[in-house]
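One structure is given here, and the rest of the page talks about it.
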Amino acid sequence: MQGTPFNPISPQELDISNLFIAILIIAGVIFALVVFLVLYPAVRYRHRPGADEPYQEFGRPKLEIAWTVAPAVLLAIVFGFTVTTMRAADPSTGDHPPDLTVIGHQWWWEMRYTTGGVTANELHLPVGRRMLLQLDSADVIHNFWVPQLGRKLDMVPGHTSRLWVEPTQTGTFLGACAEYCGTEHAWMRLRVIVQPPAEFDAWQRQQTQTSVSPTSGDAAQGAMLFQQVTCASCHAIAGTNANAQVGPDLTHFGGRDTIAAGVLDNTPQNLTTWLKDPQAVKPGNHMPNLQLTDSQIRDLVAYLEAQK
Ligand code: CUA
């Protein structure tokens, strides 16, 4: 059950998963008991031809006390489990500074690492290290949810939330926005890439590098076009004049797995399709159709895919 809370990759999610399973078992036993208590008497004491009215009993205090107290005790136990799990799954963040900020946008994710590096739609984390995420929103309410990693948390405009994450397995894990946030809510996907610490550190160091401007070929043409057509009014590429923050930062675009928050795999062919008509690929998204010519698109694709 990859991608579900039943396959936890962090101690926090393990606690949540265990609580869910415990409550499921308790609820299952009660359900079976209730079904039995309804069906058994209904069959065993059913009306038979010629039988008299059965004996009518009014009130049996001991029984009534028992069926009031038993559920109350059970609820108290479930409450205790829940509070314990909440504390374990969502430890206090105190005034610890966040390791990175995740910002929800319509309809993509921005990740800003405190020690440098900005990326989109991919959350890179080192395995075995506790990281504090700060969750913000740029527009409407979104919800950060990576089922295998931990609890869901709303991203509310103007209100900062914090969440500890501590992945214990390397690999790629999927998440999504879990609060309806407009037309493309369903295409607000998130990848969590958990790496060995050395690999993560190398990745992060690389993310803080500025772009190397290509000097020849299609890519050099693309670099010029990027500044001239309207790309640079919404997107940033570190080390160039493009520094707008409306759309995703594209400094290391070529190193990402997907385009447009998971709609397409990041390949030159798919980027071509996207640039030709972003609205056809992800209707309603905030990137307009720039009416680029085929040769402009070829140059931009060469430039962007080279930004590793
Ligand atoms: Cu963002 Cu739903």
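Counting starts at 1 for both ligands and their atoms, in listed order. Note: hydrogens, waters and symmetry copies are ignored here, and every other heavy atom, side chains too, is used.
The side chain to side chain donor-acceptor pair (under 3.5 Å) analysis of residues 14-36, with sequence neighbours excluded, yields no pairs. For residues 29-78, the ring-ring contact (aromatic ring centres under 6.0 Å, His included) pairs, not counting sequence neighbours, are Phe36-Tyr40.
With rounding to the nearest 0.5 Å, the separation of OG in Ser213 from CD1 in Ile237 is 8.5 Å. Here the CG atom belonging to Leu271 is positioned 4.5 Å from the CZ atom belonging to Phe253, to the nearest 0.5 angstrom.
Around atom 2 (Cu) of ligand 1, protein N, O or S atoms at a distance under 2.8 Å total 4; waters are neither shown nor counted.
Checked by atom type and distance alone, the side chain of Ser137 pairs as donor or acceptor with a backbone atom of Val140 at under 3.5 Å.
Every ring pair (Phe, Tyr, Trp, His ring centres under 6.0 Å) that His124 has, sequence neighbours left out, goes to Trp203.
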